[in-house]
Each structure stands twice: as C-alpha cells, then as structure tokens.
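As a basis for the values below, the full set of heavy atoms in this structure was taken, side chains included, without hydrogen atoms, waters or symmetry mates. Source: prediction; values computed, not measured.
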Amino acid sequence: MKNFESYESKCEAIIHTASVACGAIGASPIPGSDALPIMAVQTAMVLSLAHVFDIDLDKALAKAIVKEQLAKQAGKMIAGQLTKLIPFFGSAVNATVATGLTEHMGWNVAKDFYRQSLKEAA
C-alpha cells in the first residue's frame, strides 16, 4: 500500500484548484449568492479526491460529506457572509474564508479517504 505522500501531489492540485475557485466565487458582493456555487465546487473536489484513492463514491454521498464539513465550519461561514455588508472589505474577507475552509475541508477529506483506502486494502 502506498503512503499518503505518494498521493499528495494529486490531492494538492485538486484541493488548491477548488480553493482558488471558491475564493473567486466568495468574492461576490451579494450575501448568500455564493453558497450553492461553492458547494458545487467542493462536491466536485470530494468526488475527484475519491477517484484519487479509488473510492467508489456517488454524487449524493459527496454532497453529504460537504454538508457535514460545512456544518462544522458554520460559524466562520456566517461571519464571512455578514462581512459582505461592508463594501469591498467584506467580499475580500469572505473570499479568504471560502478559500481557507475549502483548503481545510479538502485535506481533511483526503486524509479520511486515505485511511479508508487502507482499511479496504486490508
């Protein structure tokens, strides 16, 4: 079985791409307008990470994983949305929050999928 580092470059490309996309979406100045597009990008990220680790995952389960991760970070997301009420500054803060949360979520999911792949191989 491969160690996590052997998967790291593929995961890094997927996670960083999704994080940058979510940051760009999060820069929208309209509160709440970014939630669904960000979730779509994060779901695609989860599906891509599952593919890296040869885990059979359907879209519904990927959405459930994203929702669970987002629920853990709800306070930060709400604060990011509220800052959008401050012109320019709020959008920048929310873009930063969206980028950071997606990055954090991606690495958590990648590590969970790696552990799951170890169990399935045993």
If you round to the nearest 0.5 Å, how far is OH of Y7 from NZ of K111? 15.5 Å
State whether the number of non-hydrogen atoms from other residues, nucleotides or ligands found under 6.0 Å of H51 atom NE2 is greater than 12. no
Just checking D58: does its CG atom have more than 12 heavy atoms from other residues, nucleotides or ligands closer to it than 6.0 angstrom? yes
Between OG1 of T43 and NZ of K67, what distance do you get to the nearest 0.5 Å? 8.5 Å
Value rounded to 0.5 Å, distance of CD1 in I15 from SG in C22: 12.0 Å
hydrophobic_cluster_shared for V20 and M45, side chain cutoff 4.5 Å: no
Minimum heavy-atom separation for P37 and D34, please, with both atom names. CD-O, 3.2 Å
Nearest 0.5 Å please: distance from the CD atom of E8 over to the CH2 atom of W107. 5.0 Å
Distance from D112 atom CG to S117 atom OG, nearest 0.5 Å? 11.0 Å
Could you check whether any side-chain N or O of S6 sits under 3.5 Å from a backbone N or O of N3, counting only pairs where one atom can act as donor and the other as acceptor? yes
State, with a plain yes or no, whether a side-chain heavy atom of V109 is found less than 4.5 Å away from one of M105. yes
Which heavy atom in L47 sits nearest to a heavy atom in L57, and how many Å separate them? CD2-O, 3.7 Å
Would a distance-only check, ignoring hydrogens and angles, find a side-chain to backbone donor-acceptor pair under 3.5 Å from S19 to E103? yes
Minimum heavy-atom separation for K2 to Y114, with atom names? O-OH, 2.9 Å
Heavy atoms of L49 and G106 approach each other most closely as CD1-O, 3.6 Å
What pair of heavy atoms forms the shortest contact from K63 to M39, and how long is it? O-CE, 4.0 Å
Could you measure the distance from the CZ atom of F53 to the NZ atom of K10? Nearest 0.5 Å is fine. 9.5 Å
On a heavy-atom basis, the closest approach of A98 and I38 is CB-CD1, 3.9 Å
